Each structure stands twice: as structure tokens, then as C-alpha cells.
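To keep things clear, I will list the structure first and then write my remarks on it.
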Amino acid sequence: MPLRVAVCISGRGSNLTALLDALDTGAPARVVLVLSDRPDAGGLALARGRGVATHVLADYASAAEWLGVLESASAGLIVLAGFLRLVPAPVVARYRNRIINVHPALLPAFGGPGMYGMRVHRAVLASGARESGATVHLVDEVYDRGPILAQARVPVEADDSPERLAARVLEAEHRLLPAVVLAAADAGHPVPLPSALELSR
Ligand code: GAR
């Protein structure tokens, strides 16, 4: 029985697409639900176009709403893929160690409240860091804090713009996130990627 995956998004959903592409027929995991805090998230149309059920949260802070939707989908794994809100604490408690998040930097650096999207890449460039990358970690009650499961590193080029760095990191996210979900499906729960599998450029 494939692992039933709920994907939470706030925006365009390119990581969702990477997951849908990786988890096609015969895969040990399947995206059964896409949740969004925003009715205009581009990823919602994308999910519908691929026959995946969607739910727009009427109140993203309502644990009862989250739990109702996740339980009726029998979700076994929750993936935050560009989801920009805090998951309500009772949901984290109910799905402890079964919620993962992809972040567009090498945590623990460049994470925390307000650190999302292009803001992260601008901060990386401003710091003078020579590399950046993608992180997948377990979600707890605090933004970007839970244990790290896998990272993929990319170089920061001398003349990078935030947009170019973002595109390079996003490509790494698209490889890393499906690899972590497939490893979770094999193990039955999220696990750190073995270093041999850890993806680097
Ligand atoms: C991704 O880069 C993801 O890592 C980031 O939002 C983008 C969503 O893109 N998430 C965060 O910054 C969370 N802190 P997508 O909608 O195309 O997948």
C-alpha cells in the first residue's frame, strides 16, 4: 500500500510538480491531497489538472480543520513544499515525525520566521557565503528548526543575482525532496538520507 502523502503549498507548486512526477504509477508513495492557505496558489490548479484532491484552508490556524482534512485523506506523511505558514501545534503533535519541510538554504543558516523565497537568497548573497543549497527537515513547533534529514549543496557564483541563485537552489530542491519522500516510503516514516544518497552537484 503506497504511503499517502499530503502536500501543503502557498504558491506556484514547482516542488509539488517534482513530487507528482517522481511519484507516478507504481511508486511506493502517492500524493493524495494538496492543501493550501491561499485560494490563488498556482499549485492548486496544477494539482487539479493531475487529478489530485485539493483543499483550501478556510482558517490556516485551525487545527480542527487541518486534522479533519488530513484524517479523511488518511495521510501518512505531510510535505510542506513552499508552505509559508506555521502548522498549528496540535497538528504537529498528532503527526509528530511525519511532517517534513523543504527550505531553500542550508539550515540552520538562513532560516526562521520571515525567511522564505527570495528573501533567503538575498540574505545568502549579502552574507558573502560561497555555497547555498536545499534542506529537508522534520517539522516541529518552530519555523525551520526540526532535525535535518538531507541537504543538497550548490555553489554561489561571484556574480549571482538572487534570481539565478534561487533557480540553482530550486533545481536542487526538485531532486532532494522526492528522494526524501521515496526514502520515507521505503522506511515507513521519514529518515535521514544515507550520505551516499545525499545529493550534491
Ligand atoms: C521553494 O523554494 C521552497 O523551498 C520555499 O518556497 C519555494 C516554493 O516554490 N519555501 C520556503 O522558503 C519555506 N521557508 P514552489 O512553490 O515552486 O515549490
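In listed order, ligands and their atoms are each counted from 1. Predicted, not measured: the structure shown is a model, and the values here were computed from it. Note that the numbering runs from 1 along the sequence shown for the chain. Side chains are part of it too, since the values below use all heavy atoms of this structure and drop only hydrogens, waters and symmetry mates.
- Neither the backbone nor the side chain of Val169 has any atom closer than 4.0 Å to an atom of ligand 1 (non-hydrogen atoms only).
- Side chains of Ser14 and His174: a donor-acceptor N/O pair is present below 3.5 angstrom, by distance only.
- Looking only at protein heavy atoms, the nearest one to atom 4 (O) of ligand 1 is Glu173 OE1, 2.7 Å.
- Closest to atom 11 (C) of ligand 1 among all protein heavy atoms lies Pro104 CD, 3.6 Å.
- Annotation for ligand 1: atoms under 4.0 Å from non-hydrogen atoms of Leu170 are 2 (O).
- A donor-acceptor distance shorter than 3.5 angstrom exists from the side chain of Asp144 to the backbone of Gly112, with no hydrogens or angles considered.
- In summary, Arg96 and Asp140 do not engage in a salt bridge, as defined by a charged side-chain N under 4.0 Å from a carboxylate O.
- A salt bridge is defined here as a Lys NZ or Arg NE, NH1 or NH2 lying under 4.0 Å from an Asp or Glu carboxylate O, and Asp24 with Arg30 fails to meet this definition.
- With hydrogens left out, the protein atom closest to atom 16 (O) of ligand 1 is Gly13 N, 2.8 Å, a heavy atom.
- For the ligand labelled ligand 1, residue Gly43 lies outside the 4.0 Å heavy-atom shell.
- Not a single heavy atom of Val120 lies less than 4.0 angstrom from ligand 1.
- Here the protein heavy atom with the shortest distance to atom 8 (C) of ligand 1 is Gly82 CA, 3.6 Å.
- The nearest non-hydrogen atom to atom 14 (N) of ligand 1, considering only His103, Arg119, Arg85, comes from His103.
- Close contacts between ligand 1 and Val102 involve ligand atoms 4 (O), 10 (N) [criterion: under 4.0 Å to a heavy atom].
- Residue Asn15 places at least one N or O, backbone or side chain, under 3.5 Å from an N or O of ligand 1.
- For the residue pair Glu173 / His103, no side-chain donor-acceptor distance below 3.5 Å is found, with atom types taken as modelled.
- Taking CE of Met118 as the reference point, atom CG of Leu165 lies at 9.0 Å (rounded to 0.5 Å).
- If you number the atoms of ligand 1 from 1 as listed, the ones under 4.0 Å from a heavy atom of Gly117 come out as 12 (O).
- Donor-acceptor pairing under 3.5 Å is lacking for the side chains of Ser74 and Arg4.
- Under a hydrophobic clustering in which Ile, Leu, Val, Met, Phe, Trp and Tyr are joined whenever their side-chain heavy atoms come within less than 4.5 Å, directly or via other members, Leu80 and Val136 fall into different clusters.
- What sits closest to atom 9 (O) of ligand 1 on the protein, heavy atoms only, is Arg12 NH2, 3.3 Å.
- Every atom of ligand 1 is numbered from 1 in the order shown, and the set under 4.0 Å from a heavy atom of Met115 is 14 (N).
- Residue Val69 is not grouped with residue Ile9 when hydrophobic side chains (ILVMFWY) are merged at heavy-atom distances under 4.5 angstrom, including chains of intermediate members.
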